[in-house]
Amino acid sequence: MENSKKILLNFYGVTVEVSGDSKTVERIESDFAFFCPAGNNLSYKNAKQANVKLEIHSILPDYSKLPRAKAKVYKENCISYDYKSTRYTDYKGKALSIYSFKSGNGKIFSKDTDLLYEISYLFIHSRAGELLDLKGIHRLHAAAFSYRNNIFVLMLPSGGGKTTFLIEAMKNPEVKMLSDDTPLINSKGEVLPFPVRLGICETDSTQGIDNKYITMFKRSTHNAKRLVSYEYFKNKVELAACDKARRTIPVNLICADRFWTNKGALKKISKISASPVLLKNLISGYGIPQVVEFFIKLTFKDFFVKFYIGACRFFTSCRFLLKCKNAYYFKLGNNAADNVAYFFDYFSKKTTKNH
């Protein structure tokens with residue numbers, strides 16, 4: 001019988017109870033340590049019942065008890081079958097997830113420890129993400145950090161180097177992070193921290209990070225990543241953004257692209273010029289960890305729910321854009337250290353002039 005553990009995560013009022021296989025639950029607890037009630041500065045009230053419950057089981061899936069259901073969702077790594085209000089997703093015989101649309105709760109079974117962890121991690125993001133959407137709090141595909149009483153939101157395509165840039169930037173004692181990949185934007189256009197473990201490509205440098213904070217993670221459909229635990233940067237989180245009374249830090253939006261060049265370049269642009277990139281990264285859900293088997297229900301009712309979420313994201317993006325102090329376009333060069341040094345030089349001069 002597997003060793004069991006239970007934790008409760010609190011994502012700005014959306015609570016997720018995770019229980020089951022202790023090793024996997026401990027990995028999840030480490031990833032989302034900021035959102036464990038004992039490990040963060042968010043106000044927390046014990047809920048009688050969590051919004052979402054996830055059971056994780058490190059055992060072989062028992063396919064013999066599954067109902068005769070029709071396949072509804074086909075993906076490269078899995079096929080989902082719907083029966084009444086429950087979705088059964090088979091990950092090529094290596095894992096099975098059972099997700100109830102009615103309750104929003106799920107169960108995951110697998111003997112593959114990395115796959116069990118990966119599906120669980122994505123389940124939490126997908127379910128908590130939708131409930132946050134319905135509360136008017138939306139995930140943006142970007143890196144976000146503070147520097148000299150300004151928040152900078154850096155939007156780059158997936159694989160563009162957001163995390164690498166942020167890790168290099170955090171070497172500066174004046175920098176604090178909000179998120180490396182999915183900061184939250186609320187209906188008032190304010191940026192909220194969403195700090196979870198960092199994921200770095202195998203080929204990227206981890207110089208300066210103690211190996212005790214790094215674990216290798218083999219993903220099912222992508223290249224392996226090195227994960228940097230929350231423990232490494234827990235003292236570098238921008239907590240001012242958690243306090244409603246202190247959410248007055250000016251926000252600067254940066255649209256960025258990678259160029260095959262040795263020297264970066266920054267220039268100020270209009271907010272209107274930045275809007276297409278913002279809409280892509282906030283409204284469409286592009287780049288955020290969200291999987292179709294736990295998000296799309298393929299019903300008329302769900303169509304209207306997703307339409308409502310899309311409309312909320314649109315109005316939030318407009319509010320956020322209006323609230324932003326400035327917008328910039330950043331041509332990133334090949335070297336992360338040089339990009340960060342150029343960034344600090346550029347904005348150090350600007351903040352000095354403002355004072």
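Note: hydrogens, waters and symmetry copies are ignored here, and every other heavy atom, side chains too, is used.
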Centroid-to-centroid, [X] to [Y], below 6.0 Å?
{"X": "Phe233", "Y": "Tyr230", "answer": "yes"}
{"X": "His138", "Y": "Phe315", "answer": "no"}
{"X": "Phe11", "Y": "Phe32", "answer": "yes"}
{"X": "Phe152", "Y": "Tyr328", "answer": "no"}

Under the 3.5 angstrom rule, does the side chain of [X] hit a backbone N or O of [Y] as a donor-acceptor pair?
{"X": "Lys271", "Y": "Leu322", "value": "yes"}
{"X": "Ser126", "Y": "Val291", "value": "yes"}
{"X": "Lys306", "Y": "Phe295", "value": "yes"}
{"X": "Thr261", "Y": "Gly333", "value": "no"}
{"X": "Ser179", "Y": "Ala144", "value": "no"}
{"X": "Asp82", "Y": "Arg87", "value": "no"}
{"X": "Lys297", "Y": "Ser85", "value": "no"}

Could you state the interatomic distance from [atom1] ([X]) to [atom2] ([Y]), rounded to the nearest 0.5 Å?
{"X": "Ile119", "Y": "Ser97", "atom1": "CD1", "atom2": "OG", "value": "6.5 Å"}
{"X": "Ile98", "Y": "Thr86", "atom1": "CD1", "atom2": "OG1", "value": "8.0 Å"}
{"X": "Ile28", "Y": "Ile56", "atom1": "CD1", "atom2": "CD1", "value": "5.5 Å"}
{"X": "Cys78", "Y": "Lys94", "atom1": "SG", "atom2": "NZ", "value": "12.5 Å"}
{"X": "Arg226", "Y": "Thr163", "atom1": "CZ", "atom2": "OG1", "value": "12.0 Å"}
{"X": "Ile249", "Y": "Leu178", "atom1": "CD1", "atom2": "CG", "value": "7.5 Å"}

Against the six-membered ring of Phe145, is Lys236 placed for a cation-pi contact (under 6.0 Å from the centre, within 45° of the normal)? no
Between Tyr99 and Arg127, is there a cation-pi geometry (under 6.0 Å to ring centre, at most 45° from the normal)?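 That pair does not qualify as a cation-pi contact.
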Heavy-atom count check: over 12 atoms from other residues, nucleotides or ligands less than 6.0 Å from Lys6 NZ? no
Within 6.0 Å of OH in Tyr63, more than 12 heavy atoms from elsewhere: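 Buried by this count: over 12 neighbours within 6.0 Å.
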Could you go step by step and tell me if Asp31 and Arg27 meet the salt bridge (charged side-chain N to carboxylate O under 4.0 Å, His left out) rule? CA-CA 6 Å; Asp31 290 345; Arg27 291 175 75 176; over 6 Å; no
Over all heavy atoms of both residues, which pair between [X] and [Y] is shortest? Give the atoms and the distance, please.
{"X": "Thr316", "Y": "Asn186", "value": "CG2-O, 3.2 Å"}
{"X": "Cys255", "Y": "Ala274", "value": "SG-CB, 3.6 Å"}
{"X": "Asp180", "Y": "Arg197", "value": "OD1-O, 4.3 Å"}
{"X": "Ile7", "Y": "Lys5", "value": "CG2-CE, 4.0 Å"}
{"X": "Ser317", "Y": "Ile283", "value": "OG-CD1, 4.1 Å"}
{"X": "Ala143", "Y": "Lys162", "value": "N-CD, 3.7 Å"}

Do the non-hydrogen side-chain atoms of [X] and [Y] ever get within less than 4.5 Å of each other?
{"X": "Asn77", "Y": "Tyr91", "answer": "yes"}
{"X": "Val153", "Y": "Phe320", "answer": "yes"}
{"X": "Ser348", "Y": "Arg148", "answer": "yes"}
{"X": "Asn10", "Y": "Phe35", "answer": "no"}
{"X": "Leu156", "Y": "Phe330", "answer": "no"}
{"X": "Met177", "Y": "Leu198", "answer": "yes"}
{"X": "Phe194", "Y": "Asp181", "answer": "no"}
{"X": "Leu140", "Y": "Leu278", "answer": "yes"}

As a quick check of understanding, evaluate side chain to side chain contact (heavy atoms under 4.5 Å, CB included) for Leu66 and Tyr81, giving each step before the final call. CA-CA 10 Å; Leu66 300 191; Tyr81 303 83; over 6 Å; no
Does the distance from a Lys or Arg side-chain N to an Asp or Glu carboxylate O, for Asp338 and Lys263, drop under 4.0 Å? no
Would you call Glu26 and Lys23 a salt bridge, taking side-chain N to carboxylate O under 4.0 Å as the test?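 Salt bridge flag = no for Lys23 with Glu26.
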Out of curiosity, does [Y] fall in the hydrophobic cluster containing [X] (side-chain heavy atoms, cut-off under 4.5 Å, transitive links)?
{"X": "Ile214", "Y": "Ile200", "result": "yes"}
{"X": "Leu166", "Y": "Val228", "result": "yes"}
{"X": "Leu192", "Y": "Leu9", "result": "yes"}
{"X": "Ile79", "Y": "Tyr83", "result": "no"}
{"X": "Leu253", "Y": "Phe314", "result": "no"}

Let me see the working for Lys176 and Ser146 under side chain to side chain contact (heavy atoms under 4.5 Å, CB included), right down to the final yes or no. CA-CA 5 Å; Lys176 291 192 174 182; Ser146 65; 3.4 Å; yes
Side-chain heavy atoms under 4.5 Å apart, restricted to Ile/Leu/Val/Met/Phe/Trp/Tyr: what other residues fall into the cluster of Tyr329, or is it alone?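 Hydrophobic cluster check, Tyr329: joined to Phe259, Ile269.
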Pair Arg313-Asp133, salt bridge (charged side-chain N to carboxylate O under 4.0 Å, His left out): steps then yes or no: CA-CA 8 Å; Arg313 289 179 180 179; Asp133 275 324; 2.7 Å; yes
For Ser58 and Thr24, what are the C-alpha separation, side-chain angles and deciding distance, and is it a side chain to side chain contact (heavy atoms under 4.5 Å, CB included)? CA-CA 8 Å; Ser58 180; Thr24 307; 5.6 Å; no
Check the pair Cys324, Asn252 against side chain to side chain contact (heavy atoms under 4.5 Å, CB included), reporting the backbone distance first and the verdict last. CA-CA 6 Å; Cys324 283; Asn252 299 274; over 6 Å; no
